[in-house]
Structures are given as structure tokens and as C-alpha cells.
2 protein chains.
Amino acid sequence: MENKLKTKACEHKIRAIHDVMYLIGGKWKISIIACLCYGNKRYSDILNEVEGISGKMLSRELKELEMNKMIERTILDTKPIGVEYSLTELGTSLKSIIDILADWGITYREARKLIEEQI
Amino acid sequence: MENKLKTKACEHKIRAIHDVMYLIGGKWKISIIACLCYGNKRYSDILNEVEGISGKMLSRELKELEMNKMIERTILDTKPIGVEYSLTELGTSLKSIIDILADWGITYREARKLIEEQI
DNA sequence: CAGTATCCGGTTTGATACTG
DNA sequence: CAGTATCAAACCGGATACTG
């Protein structure tokens with residue numbers, strides 16, 4: 001009986017996480033958001049700073065992030081035309097999560113090194 | 001000059017996050033880890049609790065998670081054979097991140113509702 | 001029970017060329 | 001500059017049948 005409740009709580013949490021990953025779990029989405037944490041950026045800036053992403057992927061991911069209200073797109077009236085991307089309030093609310101993830105990533109790399117050396 | 005340093009820091013963090021997402025960003029990986037946060041589980045338990053996953057995907061993801069030292073696989077000597085999966089220390093270290101993500105997911109849903117209503 | 005093997009359509013993605 | 005269009009290759013993932 002108690003076990004069933006536990007399972008329910010588990011499933012509820014899993015669904016919440018699945019939702020989150022749908023939003024930010026694309027191959028590049030968090031990287032893009034992380035990039036914008038350091039200030040507003042243009043399309044070409046992001047293209048340079050997020051290693052490995054192609055132009056096609058970038059524009060696609062940007063579009064989805066905009067749809068989900070994570071980022072905002074502003075057209076600058078420069079010539080030639082420029083576009084600036086910035087985080088919305090919602091996007092900004094991910095900053096702390098991003099920091100935690102990045103920290104974990106670095107810790108993980110160290111931990112892996114230690115485990116490997118034991119072999 | 002100062003700007004270049006900033007860009008470097010940015011790119012470093014982005015790479016760290018990209019690594020993390022490579023590890024836990026598969027369609028099901030965090031869900032599986034989240035599921036195991038609630039206790040060791042058998043293959044069939046996970047199959048039931050992670051909604052939507054197929055057997056093929058589950059075994060594939062479990063294998064990758066094991067390779068990356070996130071989970072451990074123990075063969076029980078029951079008949080018929082049973083297999084139990086559990087989190088390693090590394091996997092366990094994700095618990096807090098998972099909680100934060102799940103919380104954000106729920107908060108996000110509320111925020112989106114508010115934004116939508118304004119329209 | 002806990003998987004593996006095979007088939008197979010659908011989706012994703014990179015490269016390249018092009019546009020306003 | 002900031003994208004879009006198009007093609008082909010690679011990969012994903014479901015269904016089903018099979019194994020120890």
C-alpha cells in the first residue's frame with residue numbers, strides 16, 4: 001500500500017522531468033540558453049560559441065525556444081540586418097540550473113578519471 | 001580583451017553542459033535515473049514505471065547508463081532469472097539535480113499558464 | 001524474466017546552395 | 001547578416017519473433 005504511493009510519487013516526478021527535457025533536452029537547447037546567460041547575442045555569435053552546431057540546427061532550436069517563451073528575438077535596424085537573442089524571464093530562471101549542471105559535468109569528469117584509474 | 005575572457009568562460013561552461021546532456025540527455029535517461037532514485041528496480045519494474053518506453057529502448061539506455069557508471073546491474077539468482085538495477089554513487093549524485101529539474105518543470109507549467117492567460 | 005535479432009518506416013541532421 | 005530550401009545519409013524507435 002505504502003509502496004504504491006511511493007510508485008505514484010515516482011511516476012509523477014518522472015513525468016515532470018520528461019516535460020522539462022522536452023523543453024530543454026534537445027541536443028543544443030541548454031547550450032544555447034547557457035550561451036545567452038552571458039549576455040545577449042547575435043545569431044552568428046551563438047553559431048561560433050556553441051561548438052558543433054550547424055546553422056540549420058541553430059535556427060530551428062532558436063525558433064522552438066522562442067515559441068516556448070524561453071528566449072526573445074529582436075531585430076536590430078543595422079545594415080546589413082542584425083538579430084539579437086536574449087533570455088526571457090523564464091529563460092533566466094534556468095540560470096541556476098545551468099550552473100548546477102555545468103558544475104556536475106566538471107565533477108563528473110573528475111570522478112570518472114578516478115574510477116578509470118582504479119582499473 | 002575582457003570580453004574575450006568572458007567568451008572563453010562561456011564556451012567552457014557550454015562544453016561542460018553539452019557533456020552532461022550527452023550522458024543524461026537521451027530521451028529516457030533521466031527518467032530511468034529518477035525512477036531508480038526511489039529504490040532498486042528490476043527491468044520489468046522500470047518498464048512499467050517509465051511510461052512510453054519500449055523494451056528495446058530500455059535495454060539500450062540501461063546499457064549506456066551502465067557503461068557511463070551511472071547505474072549498476074546485479075543478477076539475482078532467482079528462477080526465472082532476475083536482474084536488479086541500482087544507482088552508483090555517481091548516479092546518486094544526480095538526485096538533487098533531478099529534484100531541481102522536476103520542481104522547475106512544475107513551476108514552469110504554472111508560469112506558462114499565466115503567460116497564456118495574458119493573451 | 002530479461003533481454004537480443006531483424007525488419008522497416010519515420011525523423012533528424014549535415015552539406016551545400018541560395019535569398020532578402 | 002540571418003536565415004531558408006533541398007537532397008541524401010544516418011540514426012531512431014516500434015513491432016514482432018526469438019533465446020537462455
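First the proteins, then the strands, lettered A, B, ... as listed; each starts at 1. Quantities reported herein were computed from a predicted structural model and do not represent experimental measurements.
Remark: A/Tyr85 engages no residue in a ring pair (Phe, Tyr, Trp, His ring centres under 6.0 Å) (not counting sequence neighbours). Listed by chain and number, the residues in a salt bridge (Lys or Arg N to Asp or Glu O under 4.0 Å) with A/Glu51 are B/Arg15 (sequence neighbours excluded). By the salt bridge (Lys or Arg N to Asp or Glu O under 4.0 Å) test, A/Asp103 pairs with no residue at all, sequence neighbours left out. With sequence neighbours left out, the salt bridge (Lys or Arg N to Asp or Glu O under 4.0 Å) criterion links B/Lys95 to no other residue. By the side-chain contact (heavy atoms from CB on, under 4.5 Å) test, A/Arg42 pairs with A/Ser44, A/Asp45, A/Leu76, A/Thr78, sequence neighbours left out. In terms of the ring pair (Phe, Tyr, Trp, His ring centres under 6.0 Å) criterion, A/Tyr38 has no residue partners (sequence neighbours excluded). By the side-chain contact (heavy atoms from CB on, under 4.5 Å) test, A/Ser59 is found to be paired with A/Tyr43, residues two or more places apart in sequence or in another chain being considered.
For DNA chain C, none of the residues of residues 25-35 of chain A falls under the heavy-atom distance limit of 4.0 Å.
The nearest whole Å value for the distance from the CE atom in A/Met57 to the P atom in C/dA15 is 11 Å. Going from atom CD of B/Glu64 over to atom P of D/dC12 covers 8 Å, rounded to whole Å. Between the CG atom of A/Leu58 and the P atom of C/dA15 there is a distance of 15 Å, given to the nearest Å.
Under the side chain to side chain donor-acceptor pair (under 3.5 Å) criterion, the residue pairs touching residues 27-36 of chain A are A/Lys29-A/Glu61, A/Lys29-A/Glu64, with sequence neighbours excluded. A salt bridge (charged side-chain N to carboxylate O under 4.0 Å, His left out) check over residues 71-82 of chain A, counting only residues at least two apart or in different chains, returns nothing.
A continuous path of hydrophobic side-chain contacts links A/Ile100 to A/Ile98 [ILVMFWY only; heavy atoms under 4.5 Å].
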Give me, pair by pair, the N or O atoms of the protein and of nucleotides 1-5 of chain D that are less than 3.5 Å apart, along with how far apart they are.
from, atom 1, to, atom 2, distance (Å)
D/dA2, OP1, A/Val83, N, 3.1
D/dA2, OP1, A/Val83, O, 3.4
D/dA2, OP2, A/Ser44, N, 3.1
D/dA2, OP2, A/Ser44, OG, 2.8
D/dG3, OP1, A/Arg73, NE, 3.4
D/dG3, OP1, A/Arg73, NH2, 2.7
D/dG3, OP2, A/Tyr85, OH, 2.5
D/dT4, OP1, A/Lys63, NZ, 3.2

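In DNA chain D, consecutive stretches of 3 or more Watson-Crick or G-U wobble pairs with both distances under 3.5 Å are given as paired ranges: C:1-20 with D:1-20.
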